[in-house]
A.B. asks: 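Right, I'll just put the structure down here and ask away after.
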Protein chains: 2
Amino acid sequence: MGALAEGLTRNQALVLDRLVAAGTPLSAYAILDALRPSGLKAPLQVYRALDRLVDRGLVHRLESLNAFIACCHDQHDRTAVFLICQRCGAVDEEDAPTLQGAIADLARASNFAVDSVVLEIKGLCRGCR
Amino acid sequence: MGALAEGLTRNQALVLDRLVAAGTPLSAYAILDALRPSGLKAPLQVYRALDRLVDRGLVHRLESLNAFIACCHDQHDRTAVFLICQRCGAVDEEDAPTLQGAIADLARASNFAVDSVVLEIKGLCRGCR
DNA sequence: GCAAATGACGTTATGCTATAACATTTCATT
DNA sequence: AATGAAATGTTATAGCATAACGTCATTTGC
């Protein structure tokens, strides 16, 4: 079991380890089921750990899947772009500076102060198209 | 009570009218509660109507809110972008060709075939910032 | 015409997702 | 030790969405 990042509590480390091991999105309840042998018993234990991990940028929430995935980059830019394959379920996290710029431009034009961005693209990945 | 579009069934028209009248996002259950006087009784009646309306592009689903909003444009051939104010709850639907282009470029670079795009920007609107 | 296919509808039941509320524990700092 | 902040454990509940059944009306093709 890896100490994948410093300063994590036991529950947070368990949840993060599980997500990293999976490499794919997992629902909170799937995580809970996987961690029952480790002693977790209630959804709230998982949700609380996920909240902290998302705050730190170690985990991303996929709104369109109601699921969570470990961040695959070491630098945790808050605005990630996800390519979600509808056939195989793979999720690719992209860094998209061009998109960041376009979003910033759009927000500026509307006089809108951006806090966070949800950008999830669904379709078929390279291997499945 | 407008016949807001042709070819809608009674339930679909009820749901769409309610969303248009609201002008803001509504959850499926909020719609159901509003339409109980009109005879709707079960969530599935609302969800089925919403499915058809979303298929036609008359309604959008806001993934990050688990809610639905009437499309404010008459034609909707593009992917919509939503600016969601975290303070007043207003949702602004934008047409963003520049973003479309950036998304297409990104997908092309990853050899990813885009089916649909979820793009929801949260922050403070002009009046609330 | 009439059978088959289609799609909407109604209803009950169920499952999945997420948080409220409250008591307790842990741990760093003073 | 005393304090305060954060994490934990637990039960209960709220909120979101669909499965599975049967019915009805309309369209399509023979």
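Below, chain A is the first sequence line, B the second, and so on; all start at residue 1.
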A.B. asks: Are A:T9 and D:dA6 close enough that a side-chain N or O sits under 4.0 Å from OP1 or OP2?
C.D. replies: no
A.B. asks: Does this structure show an ion pair linking B:R48 with B:D51, if we count only N-O contacts that are shorter than 4.0 Å?
C.D. replies: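 Result for this pair is no, no salt bridge flagged.
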A.B. asks: State whether A:K122 and A:E120 are salt-bridged, where the test is any N-O pair (Lys NZ or Arg NE/NH1/NH2 against Asp/Glu carboxylate O) under 4.0 Å.
C.D. replies: no
A.B. asks: Taking DNA chain D as the partner, which of residues 21-31 of chain A come within under 4.0 angstrom of it by heavy atom?
C.D. replies: none
A.B. asks: For residues B:V114 and A:I84: do they belong to one hydrophobic cluster (side chain heavy atoms under 4.5 Å, members Ile, Leu, Val, Met, Phe, Trp, Tyr)?
C.D. replies: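 Not linked; separate clusters.
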A.B. asks: Side chain of A:E93, backbone of A:C72: donor and acceptor closer than 3.5 Å?
C.D. replies: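 Yes: the side chain of A:E93 pairs with the backbone of A:C72.
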A.B. asks: A:D51 CG to C:dA18 P: how many Å, rounded?
C.D. replies: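 After rounding, the gap between these two atoms is 10 Å.
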A.B. asks: How many Å lie between CG on A:D33 and P on C:dG15, as a whole number?
C.D. replies: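 These atoms are roughly 14 Å apart.
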A.B. asks: Between D:dA17, C:dA18, D:dT11, which nucleotide has the shortest distance from any of its atoms to the side chain of A:A42?
C.D. replies: D:dT11
A.B. asks: Atom CG of B:L40 and atom P of C:dT11: how far apart are they, to the nearest Å?
C.D. replies: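 After rounding, the gap between these two atoms is 10 Å.
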A.B. asks: CG of B:L50 versus C1' of C:dC9: gap in Å, rounded?
C.D. replies: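 Roughly 15 Å, once rounded to whole Å.
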A.B. asks: With the threshold set at 4.0 Å, does a side-chain nitrogen-carboxylate oxygen contact exist between A:D55 and A:R52?
C.D. replies: no
A.B. asks: Atom CG of B:L32 to atom P of D:dG15: distance rounded to whole Å?
C.D. replies: 13 Å
A.B. asks: Evaluate side-chain contact (heavy atoms from CB on, under 4.5 Å) for A:T98 paired with B:D105, printing each intermediate quantity in order.
C.D. replies: CA-CA 9 Å; A:T98 303; B:D105 290 346; 5.9 Å; no
A.B. asks: Starting at the 5' end of DNA chain C and moving along, which residue's nearest nucleotide shows up first, B:N66 or B:N11?
C.D. replies: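 Going by which nucleotide is closer to the 5' end, it is B:N11.
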A.B. asks: Do any side-chain nitrogens or oxygens of B:Q45 fall under 4.0 Å of OP1 or OP2 in C:dG10?
C.D. replies: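 Affirmative; the distance criterion is met.
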A.B. asks: Rounded to whole Å, please give me the gap between NZ in A:K41 and P in D:dA12.
C.D. replies: 15 Å
A.B. asks: Quickly work out the A:L65 CG to C:dA18 P distance and round it to whole Å.
C.D. replies: 11 Å
A.B. asks: Tell me: OH of A:Y47 to P of D:dA7, nearest whole Å?
C.D. replies: 19 Å
A.B. asks: If you only use heavy atoms from C-beta on, which nucleotide in D:dT18, D:dA7, C:dT19 is closest to the side chain of B:L44?
C.D. replies: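 When the side chain of B:L44 is considered, D:dT18 is the closest of D:dT18, D:dA7, C:dT19.
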A.B. asks: Could you walk me through whether A:V15 and A:V59 satisfy the side-chain contact (heavy atoms from CB on, under 4.5 Å) test, starting with their C-alpha distance in whole Å, then the side-chain angles of each, then the deciding distance to 0.1 Å, before giving a yes or no?
C.D. replies: CA-CA 10 Å; A:V15 169; A:V59 167; 5.8 Å; no
A.B. asks: Where the side chain of A:R52 is defined as all heavy atoms beyond and including C-beta, which of D:dA7, D:dC16, C:dT11 is the nearest nucleotide?
C.D. replies: D:dA7
A.B. asks: Going by modelled atom types, is there a donor-acceptor pair between the base of C:dG7 and the side chain of B:R48 at under 3.5 Å?
C.D. replies: no
